[in-house]
Amino acid sequence: LSEDESETKEDSEEDQMVPLKTDLDMSVQTLIYTYYDALARGDADAILNISNTMDEMERIKIQQLGKYIDLYPTVDIYYKPGPVENSFVIFVYTEATFTGFEEKVAGSQTFLVYADEEGNYYLDEGEWPQEVVDYVMEMVYHEDVVELYNKVEVEYNETMEANPTLFAFLAAMESDIRTEIGLIIAGQMAEGDGTGESGDGGEGTGTETGNGEGTGESETPEPTYVYA
């Protein structure tokens, strides 16, 4: 390795050893809060406005989730340095409530946030380059991140064990949303065939993450939950 390459590698390793922090720039915090507010309302356009991309499958999924989610009373945001300057790997702990239930359900989600040329932050919902996937994957196995995931898993399981009706509701929700996505995508493909257009077929970009929300980083191993 050249001297410059060695320094870059060392800087990257030092960045990745930084513990989870909470003193995030207010504009980035607002970005995350906006995401969850829009998700609870099923407002796909609002999420697209703060993202760099969104496929049709993800749009439908967000719209459908809005029919089930009541609100996110808790959104705790943690971060580590991103792969490039002025970027962040965001780890979010959430508690969600669902229509007809008072219980709060724990969940987690990971985001990658970049700044554009004008300094405005956005969610990278596209397909990540392998080097970025590797960068985030290394962080996922840091002790403090593992502890966060474990906290979510324990709380989620305790809630489900104490509320079998809620568990059944969430399982049915996931099944219904998948069915609805399939029907809508199939209808769009049929319309495309009828007009000589191919349609997008709802091709995904790896939007299924640990808690079922779309973040574009399916390679990131998070706990698996049935809700958003």
Side-chain angles (χ1 to χ4, degrees), residues 20-51 54 58-80 88-113 121-125 145 147-163 165-174 176-178 180-181 207-218 220 222-228:
L20 285 172
K21 295 184 177 182
T22 58
D23 58 337
L24 193 59
D25 185 286
M26 185 56 66
S27 59
V28 181
Q29 292 188 49
T30 299
L31 184 77
I32 302 301
Y33 293 139
T34 298
Y35 172 89
Y36 283 104
D37 177 69
L39 187 63
R41 293 183 285 107
D43 190 344
D45 288 335
I47 293 178
L48 179 58
N49 286 339
I50 59 173
S51 308
M54 178 183 295
E58 187 63 19
R59 172 180 290 276
I60 297 169
K61 184 176 182 180
I62 291 168
Q63 293 169 341
Q64 293 299 314
L65 282 169
K67 300 176 181 179
Y68 298 88
I69 301 172
D70 188 8
L71 74 161
Y72 285 92
T74 301
V75 178
D76 294 337
I77 306 170
Y78 306 89
Y79 76 95
K80 295 198 178 199
F88 306 91
V89 180
I90 308 293
F91 301 91
V92 185
Y93 166 88
T94 61
E95 289 180 329
T97 58
F98 294 84
T99 304
F101 296 90
E102 296 182 354
E103 295 84 357
K104 297 177 182 179
V105 182
S108 65
Q109 192 165 356
T110 304
F111 298 94
L112 187 55
V113 173
Y121 291 104
Y122 65 90
L123 304 176
D124 183 357
E125 297 283 73
V145 177
E147 288 178 357
L148 178 63
Y149 289 163
N150 288 343
K151 167 184 166 69
V152 172
E153 185 172 10
V154 169
E155 292 181 0
Y156 176 86
N157 289 337
E158 289 177 348
T159 301
M160 295 302 104
E161 290 174 2
N163 300 274
T165 302
L166 175 58
F167 178 81
F169 171 86
L170 295 176
M173 178 194 76
E174 182 179 84
D176 291 346
I177 288 176
R178 287 179 176 173
E180 189 67 19
I181 290 173
T207 55
E208 280 289 340
T209 59
N211 51 14
E213 289 175 344
T215 65
E217 67 270 21
S218 61
T220 304
E222 299 184 34
T224 300
Y225 308 113
V226 297
Y227 70 98

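All of these numbers come straight from a predicted model, not from anything done at the bench.
- Between F98 and M173 there is a side-chain heavy-atom pair separated by less than 4.5 Å.
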Please list, one pair per line, the donor and acceptor atoms closer than 3.5 Å that link side chains of residues 22-29 to other protein atoms, with sequence neighbours excluded.
from, atom 1, to, atom 2, distance (Å)
D23, OD1, Y79, OH, 2.8
D25, OD1, S27, N, 2.8
D25, OD1, S27, OG, 2.4
Q29, NE2, L24, O, 2.7

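- Between Y93 and E155 the shortest side-chain heavy-atom distance falls below 4.5 Å.
- Under the 6.0 Å cut-off for aromatic ring centres, Y36 and Y72 qualify, their centroids lying closer than that.
- Smallest separation of non-hydrogen atoms from P73 and A96: CD-CA, 4.2 Å.
- The closest side-chain heavy-atom distance from R59 to I47 is not below 4.5 Å.
- Side-chain contact check for Q64 and K67: at least one donor-acceptor pair (N or O, by modelled atom type) lies under 3.5 Å.
- In this structure T74 satisfies the side chain to side chain donor-acceptor pair (under 3.5 Å) test together with E95, sequence neighbours excluded.
- Within the 4.5 Å cutoff, the side chain of T97 has no heavy atoms near those of the E102 side chain.
- With D37 contributing its side chain and Y33 its backbone, the two residues share no donor-acceptor pair below 3.5 Å.
- Using a 4.5 Å cut-off on side-chain heavy atoms (C-beta onward), Y68 and I177 make contact.
- When all heavy atoms of L71 and A40 are compared, the closest pair comes out as CA-CB, 4.2 Å.
- The side-chain heavy atoms of T159 and L166, taken from C-beta on, include a pair separated by under 4.5 Å.
- Remark: K21 fails to qualify as a cation-pi partner of Y78 under the 6.0 Å distance and 45° angle criteria applied to the six-membered ring.
- Residues L112 and V89 form a side-chain contact, since some pair of their non-hydrogen atoms from C-beta on lies under 4.5 Å apart.
- Under the 30°/60° scheme for interplanar angles, the aromatic rings of Y35 and F111 are found to stand perpendicular.
- Here the OG1 atom belonging to T94 is positioned 9.5 Å from the CG atom belonging to L39, to the nearest 0.5 angstrom.
- Contact of the I32 side chain with the I90 side chain is registered, since non-hydrogen atoms from C-beta on lie closer than 4.5 Å.
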